[in-house]
Amino acid sequence: MTAMDQTTEARAAVVLDDRPIARRIGLVVLSTDHTSERDFNRIVPREEAAVYGNRIVFRNPTTPETLRAMEPGLVEGAALILPGEALDAICYSCTAASAVLGDAAVVEAVARGKPDVPVVTPPMAARRAFAALGVTRISILTPYLDETAAPVAAYFRDHGFVVDRLTNLGLDDDRDIARVATGSIVDAARDALDERSEGLFISCTALRAAEVVATIEAACGVPVVTSNQASAWMCVRLAGIDRPIAGYGRLLSLLLPE
């Protein structure tokens, strides 16, 4: 038998699985992002799903103008995640940009690059999260400048939420936002919660809030939703993983609302 015959025979015996792993989640992140991938890889059960990421150009400072400038990159950013292969969900991991652009514009751009895949944005996931939690009155904590936070608060008001309090830390560089100590996040969250609110939203995919969401819930006594926690939750549920996931707050025990 020749070497070519041996290769042909071996190749004929190879069995290919439909997928290397049953479920696939796409993640479009900013070029400067330190946090989104780490949070998704912590929250998404690695034995049941894999996270496949791609980065798009972002240039600080974090303002409505620079956030809006990312929109043209969304199409290619999504298209380069496993080209020609299906995903179970895909998330554009930027809360403030999604609020500035609007969910419809983000979904349209991402879908042009990756058709026929459910698209998630962090504010979309957060409002679905609060619906699952039965929360309509919220306080919001952001790390942003006031001008960058304003569209986030407006997003929730436009979707029927009462925003009792908006607290901003005044940072304009997402690399600095990623360096905010988790203890500082817990303290800021406690101070940001209005006594009238039924829940707290902590905005920004760069902020390491998902790491300490359970601690914040214990300190505040209300459900806490963060950008990455909610986005990962929605992607996991869209991918068909319905079981509770421990360690990231009350939300991860719930299913997507109808």
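Sequential numbering from 1 along the given sequence is applied to the chain's residues.
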Report task. Quick one: pull up CD1 in Ile43 and CG in Leu251 and give me the separation to the nearest 0.5 Å. Result -> 9.0 Å
Query raised in the report: Between Arg237 and Leu256, is there a donor-acceptor pair closer than 3.5 Å when you use the side chain of the first and the backbone of the second?
Result: no
Report task. Report yes if the side chains of Asp172 and Thr148 come closer than 4.5 Å at any heavy-atom pair, otherwise no. Result -> no
Query raised in the report: Do Arg112 side-chain atoms and Glu108 backbone N/O form a donor-acceptor pair below 3.5 Å?
Result: no
Query raised in the report: Considering all heavy atoms of both residues, which atom of Arg208 and which atom of Ala181 are nearest to each other, and what is their separation?
Result: NH2-CA, 3.7 Å
Query - From OG1 (Thr182) to CG (Leu207), nearest 0.5 Å - result: 10.0 Å
Query raised in the report: Is there a donor-acceptor contact under 3.5 Å from the side chain of Arg175 to the main chain of Thr32?
Result: no
Query raised in the report: At what distance, to the nearest 0.5 angstrom, does CG of Leu30 lie from CD1 of Ile56?
Result: 6.0 Å
Report task. Would you kindly confirm whether Val117 and Leu80 end up in one hydrophobic cluster when ILVMFWY residues are joined by side chain heavy atoms under 4.5 Å apart? Result -> no
Report task. Flag the pair Pro118 / Ile90 as yes when at least one side-chain heavy-atom distance between them is below 4.5 Å, and no otherwise. Result -> no
Report task. Please determine, by modelled atom types, if Asp174 and Thr62 share a side-chain donor-acceptor pair under 3.5 angstrom. Result -> no
**Report entry** Heavy-atom side-chain proximity of Thr142 to Leu166 below 4.5 angstrom
**Finding:** yes
**Report entry** Distance-minimising heavy-atom pair for Asp88 and Ala22
**Finding:** OD2-O, 4.2 Å
Report task. For atom CD of Glu147, decide whether the heavy atoms of other residues, nucleotides or ligands shown that lie under 6.0 angstrom number more than 12. Result -> yes
Query raised in the report: Which pairs, with at least one residue in residues 199-242 and sequence neighbours excluded, count as a ring-ring contact (aromatic ring centres under 6.0 Å, His included)?
Result: Phe156-Phe201
Requested in this report: Please report the shortest heavy-atom distance between Pro64 and Val100, naming the atom on each side.
Outcome: O-CG1, 4.0 Å
Requested in this report: Mark yes or no for whether Arg128, through its side chain, and Ser231, through its backbone, hold a donor-acceptor pair below 3.5 Å.
Outcome: no
Query raised in the report: Which residue pairs pass the ring-ring contact (aromatic ring centres under 6.0 Å, His included) test with at least one member in residues 107-138, sequence neighbours excluded?
Result: Phe130-Phe161
Query - Hydrophobic cluster membership, Ile245 vs Leu133, 4.5 Å side-chain cutoff - result: yes
Query raised in the report: Where is the tightest heavy-atom contact between Ala219 and Arg190, given as atom of each residue plus distance?
Result: CB-NH2, 3.8 Å
Query raised in the report: Which atoms form the tightest heavy-atom contact between Leu82 and Lys114, and what is the distance?
Result: O-NZ, 2.6 Å
Query raised in the report: Should Arg165 and Ser197 count as side-chain neighbours, where that means a heavy-atom distance under 4.5 Å?
Result: no
Query raised in the report: Under 3.5 Å, is there a donor-acceptor pair between the side chain of Arg250 and the main chain of Val224?
Result: no
Query raised in the report: Are the side chain of Asn168 and the backbone N or O of Leu145 linked by a donor-acceptor pair below 3.5 Å?
Result: no
Query raised in the report: Counting heavy atoms not belonging to Glu85, are there more than 12 under 6.0 Å from its CD?
Result: yes
Query raised in the report: Okay, side chain of Glu71, backbone of Leu101: is any donor-acceptor separation there less than 3.5 Å?
Result: no
Query raised in the report: Quick one: does Tyr155's side chain get under 4.5 Å of Ser98's, heavy atoms only?
Result: no
Query - Same apolar cluster (I L V M F W Y, side chains within < 4.5 Å links), Tyr92/Val75 - result: no
Report summary line: Heavy-atom nearest pair, Val29 first then Ser93, reads CG1-CB, 4.0 Å
Query raised in the report: Any link between Ile21 and Leu27 through a network of hydrophobic side chains (Ile, Leu, Val, Met, Phe, Trp, Tyr) touching at under 4.5 Å?
Result: yes
Report task. Working to the nearest 0.5 Å, report the span between CG of Asp194 and CD1 of Ile138. Result -> 11.5 Å
Report task. Could you tell me the separation between the CG atom of Asp176 and the CG atom of Leu169, rounded to the nearest 0.5 Å? Result -> 12.0 Å
Report summary line: d(Phe40 CZ, Ile25 CD1) to nearest 0.5 Å is 7.0 Å
Query raised in the report: With side chains defined as the heavy atoms from C-beta onward, is the minimum distance between Leu171 and Val180 less than 4.5 Å?
Result: yes
Report task. Check step by step if side chain to side chain contact (heavy atoms under 4.5 Å, CB included) holds for Val107 and Met124. Result -> CA-CA 11 Å; Val107 169; Met124 175 200 301; 4.1 Å; yes
Query raised in the report: What residue pairs, at least two apart or across chains, pass ring-ring contact (aromatic ring centres under 6.0 Å, His included) with a residue in residues 46-77?
Result: none
Query raised in the report: Under 3.5 Å, side chain of Gln229 to main-chain N/O of Thr226, donor-acceptor pair present?
Result: yes
**Report entry** Positive for side-chain hydrogen bond (donor to acceptor under 3.5 Å, both in side chains) with Ser227, one of Thr95, Thr35, Thr205
**Finding:** Thr95
Report task. Check for a donor-acceptor pair, side chain of Arg42 on one end and backbone N or O of Tyr248 on the other, with a separation under 3.5 Å. Result -> no
Report task. Please step through salt bridge (charged side-chain N to carboxylate O under 4.0 Å, His left out) for the pair Arg137 and Asp164, ending with a clear verdict. Result -> CA-CA 7 Å; Arg137 295 188 72 113; Asp164 292 314; 2.5 Å; yes
Report task. For Ser139 and Thr167, run side chain to side chain contact (heavy atoms under 4.5 Å, CB included): C-alpha distance rounded to whole Å, both residues' side-chain angles, the deciding distance at 0.1 Å, then the answer. Result -> CA-CA 8 Å; Ser139 293; Thr167 302; over 6 Å; no
**Report entry** Side-chain donor-acceptor pair present, Thr121, Asp103, cut-off under 3.5 Å
**Finding:** yes
Query raised in the report: In this structure, are over 12 heavy atoms from other groups packed under 6.0 Å from Arg19 atom CZ?
Result: yes
Query raised in the report: Is the number of heavy atoms from other residues, nucleotides or ligands within 6.0 Å of CG (Asp242) greater than 12?
Result: yes
Report task. Find out whether Val51 and Glu37 are in side-chain contact, i.e. whether some heavy atom of one side chain is under 4.5 Å from a heavy atom of the other. Result -> no
Query raised in the report: Got a donor-acceptor contact below 3.5 angstrom from the Glu198 side chain to the Thr136 backbone?
Result: yes
Query raised in the report: Does a sphere of radius 6.0 Å around CZ in Arg59 hold more than 12 heavy atoms from other residues, nucleotides or ligands, not counting ones at 6.0 Å or beyond?
Result: no
**Report entry** Note, Val28 side chain near Ile81 side chain (heavy atom, < 4.5 Å)
**Finding:** yes
